[in-house]
Amino acid sequence: QVQLVESGGGLVQAGGSLRLSCAASGEIWNVNQMGWYRQGLGNQRESVASITSGGITNYADSVKGRFTISRDNAENTVYLQMDSLKPEDTDVYFCHAIISSTITYVPSDYWGQGTQVTVSS
């Protein structure tokens, strides 16, 4: 069984910082990619940042230059350092991973439960 556990959300003032963490655990064979989504205004989640096992990163335009994603491959953990936070960053942030398990060896999508980030003005 594979699961993602998030931590680090909270309440900060505009201009402040938070650091989110997400650890994947279970019957993992390979982690292809990990990243973060946020709920957004509509029903469809929007990608914030992602990183491959090789270290290739991708960021949404709205967070580029303010957020930094990193990973610890040995621990199957991804981090999102969020600096210069704005009220519009307020949302529920979901960890996401593309993982192949030792059961299927097929890359599949996994999601965390979400962690609340609130930025006050």
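When a residue number appears, it is its place in the shown sequence, counting from 1. Because the structure is a prediction, the values reported are computed rather than measured.
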**Q** Could you give all pairs that pass the disulfide (SG to SG under 2.5 Å) test and reach residues 25-81, with sequence neighbours left out?
**A** none
**Q** Under the side chain to side chain donor-acceptor pair (under 3.5 Å) rule, what pairs show up with a residue in residues 110-121, not counting sequence neighbours?
**A** Q116-T118
**Q** Write down the atom of L4, the atom of A24, and the distance for their closest heavy-atom approach.
**A** CD2-CB, 3.4 Å
**Q** Determine which pairs satisfy ring-ring contact (aromatic ring centres under 6.0 Å, His included) with at least one residue from residues 5-32, sequence neighbours left out, and list them in order.
**A** W29-Y105
**Q** State, with a plain yes or no, whether a side-chain heavy atom of P107 is found less than 4.5 Å away from one of I98.
**A** yes
**Q** Check side chain to side chain contact (heavy atoms under 4.5 Å, CB included) between S25 and all other residues, then give those that pass, not counting sequence neighbours.
**A**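 Checked S25 against side chain to side chain contact (heavy atoms under 4.5 Å, CB included); matches are Q3.
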**Q** Side-chain contact test, heavy atoms from C-beta onward, threshold under 4.5 Å: evaluate it for V78 versus C95 and give yes or no.
**A**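 Yes, their side chains come closer than 4.5 Å.
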**Q** Does S53 reach the side chain of V31, with side-chain heavy atoms less than 4.5 Å apart?
**A**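 In short, these two side chains do not touch, never coming nearer than 4.5 Å.
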**Q** With side chains defined as the heavy atoms from C-beta onward, is the minimum distance between W36 and S50 less than 4.5 Å?
**A** no
**Q** Can you tell me how far the NZ atom of K64 sits from the OG1 atom of T57, to the nearest 0.5 Å?
**A** 9.0 Å
**Q** Roughly how far, to the nearest 0.5 Å, is the CG atom of N32 from the OG atom of S108?
**A**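 The CG atom of N32 is 9.5 Å from OG of S108, to the nearest 0.5 Å.
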**Q** Please table the atom pairs, donor to acceptor, closer than 3.5 Å between any side-chain atom in residues 37-44 and protein atoms at least two apart or in another chain.
**A**
residue: R38; atom: NE; partner: E46; partner atom: OE2; Å: 3.1
residue: R38; atom: NH1; partner: D89; partner atom: OD1; Å: 3.2
residue: R38; atom: NH1; partner: Y93; partner atom: OH; Å: 2.9
residue: R38; atom: NH2; partner: S62; partner atom: OG; Å: 3.1

**Q** What are the two closest non-hydrogen atoms of S47 and A60, and how far apart are they?
**A** O-CB, 3.4 Å
**Q** What residue among L85, L18, L20 forms side-chain contact (heavy atoms from CB on, under 4.5 Å) with F67?
**A**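 The side-chain contact (heavy atoms from CB on, under 4.5 Å) with F67 is passed solely by L85 among L85, L18, L20.
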**Q** Do D109 and H96 have side chains that approach each other closer than 4.5 Å (heavy atoms only, starting at C-beta)?
**A** yes
**Q** Report yes if some heavy atom in the side chain of C22 is under 4.5 Å from a heavy atom in the side chain of M34; otherwise report no.
**A**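 In short, these two side chains touch, coming nearer than 4.5 Å.
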**Q** Using every non-hydrogen atom in the two residues, find where L80 and A49 come nearest and quote the distance to one decimal.
**A**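 That would be CD1-CB, 4.0 Å.
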**Q** Going hydrophobic residue to hydrophobic residue with side-chain gaps under 4.5 angstrom, can you get from V117 over to F94?
**A** no
**Q** Are V12 and V48 joined in one hydrophobic group, where the rule is that I, L, V, M, F, W and Y side chains link up if heavy atoms are under 4.5 Å apart?
**A**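 Yes; tracing contacts between hydrophobic side chains, which count when under 4.5 Å, links both residues.
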**Q** So, T52 and Q33: side-chain donor and acceptor under 3.5 Å apart, yes or no?
**A** no
**Q** So, does E27 use its side chain to make a donor-acceptor pair with the main chain of Q1 at under 3.5 Å?
**A**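 Between the backbone of Q1 and the side chain of E27 there is no qualifying donor-acceptor contact (under 3.5 Å).
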**Q** Same cluster or not: are I51 and V2 linked, directly or through other Ile, Leu, Val, Met, Phe, Trp or Tyr residues, by side-chain heavy atoms under 4.5 angstrom apart?
**A** yes
**Q** Does S101 reach the main-chain N or O of I99 with its side chain, forming a donor-acceptor pair under 3.5 Å?
**A**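 The answer is no, because no donor-acceptor pair under 3.5 Å joins these two groups.
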**Q** Please, which pairs that meet side chain to side chain donor-acceptor pair (under 3.5 Å) have at least one residue in residues 72-82, sequence neighbours excluded?
**A** R71-N73, Q81-D83
